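Structure, as structure tokens:
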Amino acid sequence: MSFLSLQFLFFLPVTCFLYFLVPKKIRWILLLGASGVFYLSNSVPLALFLLITAFSTFQTGKNLEKIREETEESLKNWGDSKLRAGETKKEYRAKQDRKKRRQVLLAALLNIGILCVLKYTGFLFSSLNQALAVLGFSDLLPGVNFLLPLGISFYTLQSVGYVIDVYRGRCRADTNFGKYLLFVSFFPQIIQGPISRHSQLAHQLYEGHDFCYPRAALGAQLILWGYIKKLVLTERFSMITEPIFQEYLNYSGLTMLVGAALYGFQVYLDFSGGMDIARGISEILGISMTENFARPYFARSLAEFWRRWHITLGAWMRDYVFYPLSLSAPFSRLGKRTRKWFGTQTGKMIPTFLAMFLTFLLVGVWHGAEWRYVAYGLWNAVIISSSILLEPFYKSAAKKLGISTEGAGWKLFQMIRTFFLVSLGRFFSGALSLRSALTMMKSAFTVWNPEIFTDGTLLGFGLGRKDYLLMAFLTLFLLGVGVYQERGGKVRETVAGWKLPLRWGCYLGAILILALFGYYGPGYSAAEFVYQQF
Amino acid sequence: MREELLKILNELRPEIEFEKETALIDGGVLDSFDIVALVGDLNDAFDININIEDLLPENFNTVDAMLELITKLQGEE
Amino acid sequence: MTKRQLLRCLGFLLLTAGMIWGLNAVMRIPKDEDTAQTSARFRGLYTEEEDTWDGVFLGTSLVSRGWVSLSAWDKYGMTVYPMSTDGQPFVLTNYLLEEILDNQDISFVVMDLHGLREGVLKTNGSRIRYITDHMKWSANRTAAITRVLEWTDQYYPGRIDDSRINRLSYYFPLLQFHSRLTKEGLYLEDLIWPESRMKGVYDLERMEVMDEETRIGSYTETGTLTEVQKELLEEFFAYTEEKGLEVVFVKMPCDLDEEVLGVMNALAEYVEERGYPVLNFNDPEILEESGIRGTDFMDSKHLNAVGARKFSDYFSDYLYETLSETGKRTDHRGEEGYESWEEASENYEVYYEETVEKMRETYPEFFDPGS
């Protein structure tokens, strides 16, 4: 079952209805049951992996809690204990901490190990095969392609994050496996996140919530909005981008750039639309879910883009990879050395950049096991680090040219620059392979063919004039909503505050757009129905 | 101690009026790069060891919060 | 949730449902020129004065283009309405009759045998939709769709894409046809069902005349029947018997492969043996007597306006003679409630004269005086 499936259309209202029907105390059980149905409808055997992850991290959490309690107990009764004779408090603490770390490491290794084996073995084997082929061995290793359990990339990070949070004392360990399993498998977020924090989400899942009409209405609004993004817009954009990326040899020059830019926007619509649906569902149930997108296309630098795009992944990587790396002992030793060698300013940056490169490499590889994703991660790291290094230069250049760096014009320039950089990165994430991504980029920058905007090349993707008008209209609308939100406006609350006829007109209009222009159903080609006489 | 902290902060991001900010982290004023740099500087200046566990938004949102954290960590040694 | 909120919520859902319902009625099989003909005929089923039809003429496009219901009216005051659709799936016959009986108290059915030939039995989505998309929402419609899909799966697996969403789109056409708006657009006829001004007579200009003298299939050999054909016929017999409907068969004049013509003869013999009257235009004598010739066709299968009139005049006589006399041959001319037939008859005369005039201009060679 996916959000776009027919079954989900029945599953969702039934689940919501039942949720508010059963006694509050067992509402979480209903959610667990619904999540189970949702997950198992996709694959029964692969659910085993989810269970392994849930159980191992749950158990680790409990163990950590036990060690913590033991430590506190011992420290409280430190004087009474004779066993601790030769040990100082500090030593004892360090010993207990090592115990805890071992637990965390074990759980992380197991779960990230499962993820890596399932996700990366094929990539590893084929890369090794290529390397061995150079040495004269061909196809030494078998080609493997494991079926991936639904949402594994997301629930693995979420559960490992939980273990680390328990270790760091940011949340208490769960004591009820059923409840914890719900935290790991909650159906709105299992497919594509957001990657939630235990301290933020778990208690909301376990409590039973009352039905709140205005809140449910807001949630329904968000769901509708998400479906429009996914069914009306994403599908139409993909009609253009798919041929460009799949049959890239047929296109050249600016078409590539347009394709990359549209592809980026398409991914945004698809992903953020999915998030809107997930958040909307949660909102109906009374659960507030973390925002995963904050209008990324208004970002004025790539670094800011990553704070607005897939926010929960960025936060996860920051808290569990970037900070630990850059604050680790080896990195601070490295920092001391580089400061000596390159001077304080530059020297300070080097370990941080190194940590960032590693983090973005992980971000890239997390997306998928392919070289193009490695390149995607590195691309982001390179741009972000160079923009930091070049910032003083930009500023002085702007000063010399007499350009104000405070005005709206400069901000707009920054946004467009960021949009351009983001779009270039999309060559890596959207292309068939690293090689084709590079081919596309080369063509994009070596062929100058502005005639594509006038000779109808861009209209030749099987979309009609009406489709383009619709896309333009909705994209402008989206932009308007974005600007309103950037200025602090709350769109849904505003709409909900309108007079009934206007409000309902909006909702019905949105439903009408979805019903008429959404891509769903068996598809229709006029040719199938022309003159079917005997 | 306050002056020293402010000096460090101003070196890090001269354009920000730190005394007035109440949501340095939650408001996105300081990013993770700034935090890493800041932690390194604070560790050196105050001879403390800021752990990852201490990297909570509430410990860095205001100047006062940072001072509190420093004091706490100095006490632990 | 307060009572007020509940009411509002229900109100909104009702509005939404109403909107979807409306869309579902409009976004159906496109009513382009040709389908609009079918729509117009079908509309009559729901808008004609109740219980004014004596009988219906079922079958494929051969009937749609061949049967002039107004011939029987002009000659005998009989009302025999065409409820034919292109490639009409025979398995839907009983459901179609059920729908007709709900509105019209008919006493007999005329059935063209071409619907039983292999090429038509091997149905497809749009042929099914010609009937089901035009039917009003009812238990009968649902049953009809379920049946035809199951039947097709059984005998012609793979003809209908078996994804669940595709299956559902037969019940809810919007699922498939919502994208028409951006693809080919809507026709006015999608919003306002066209109305037949001539009691279902096909009124697109049918003035084409086959270039050469078509060999019209007169054929006397007998082919073999399949079990499927027999089963379908038996099902039809059982149903019409149960409803007390008299059945008259016809094999419309039409040129097809000899093999198919042989099967048609076998079908005619089969129904005759079962005691039903049948008029078989494969029979050279009948063909001769009716006066239908090659120039009466617009293509190798379908009659043009002149041919349709010839066929209908001839068949009306046959029908009148064949039908048992118990009340089924009532002359309705001049009766109250049948004014619309008079009007339609006048419309048809005008249409016919105009069409023949145009044909005479286009093909003078076939309209030389004395022919």
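Protein chains get the first letters and strands the later ones, always in sequence-line order, with residue 1 at the start of each. As the structure is a computational prediction, the values presented were derived from the model and not from experiment.
- With a 4.5 Å cut-off on non-hydrogen atoms, A/L469 does not touch chain C at all.
- Within 6.0 Å of CZ in A/F10 there are 12 or fewer heavy atoms belonging to other residues, nucleotides or ligands.
- For the atom pair CZ of A/F517 and OG of C/S179, the computed distance is 10.5 Å after rounding to the nearest 0.5 Å.
- One finds the CD atom of C/Q5 at 8.0 Å from the SG atom of A/C212 (value rounded to the nearest 0.5 Å).
- Other residues, nucleotides and ligands contribute at most 12 non-hydrogen atoms within 6.0 Å of the CD atom of C/E259.
- Atom OG1 in C/T16 sits 11.5 Å away from atom OH in A/Y507 (nearest 0.5 Å).
- Considering every non-hydrogen atom in both A/P522 and C/L175, the closest pair reads CD-O, 3.5 Å.
- Both the backbone and the side chain of C/R8 come within contact range of chain A, with heavy atoms under 4.5 Å apart.
- Other residues, nucleotides and ligands contribute over 12 non-hydrogen atoms within 6.0 Å of the NZ atom of A/K466.
- Only the side chain of C/I20 comes within less than 4.5 Å of a heavy atom of chain A; its backbone N, CA, C and O stay farther away.
- Checking side-chain atoms of C/H178 against main-chain N and O of A/G518 turns up a donor-acceptor pair under 3.5 Å.
- Here the closest heavy-atom approach between residue A/R236 and residue C/T182 is recorded as NH2-OG1, 3.9 Å.
- Of the two parts of C/L181, the backbone and the side chain both hold a non-hydrogen atom closer than 4.5 Å to a non-hydrogen atom of chain A.
- Contact annotation for A/L6: only side-chain heavy atoms (C-beta onward) come within less than 4.5 Å of a heavy atom of chain C.
- Counting only heavy atoms from C-beta outward, the side chains of A/Y213 and C/T2 never approach each other to under 4.5 Å.
- Considering only heavy atoms from C-beta on, C/M27 comes within 4.5 Å of A/L516 through its side chain.
- For the atom pair CD1 of A/I511 and CE of C/M19, the computed distance is 5.5 Å after rounding to the nearest 0.5 Å.
- Within 6.0 Å of CZ on A/F477 lie no more than 12 heavy atoms contributed by other residues, nucleotides or ligands.
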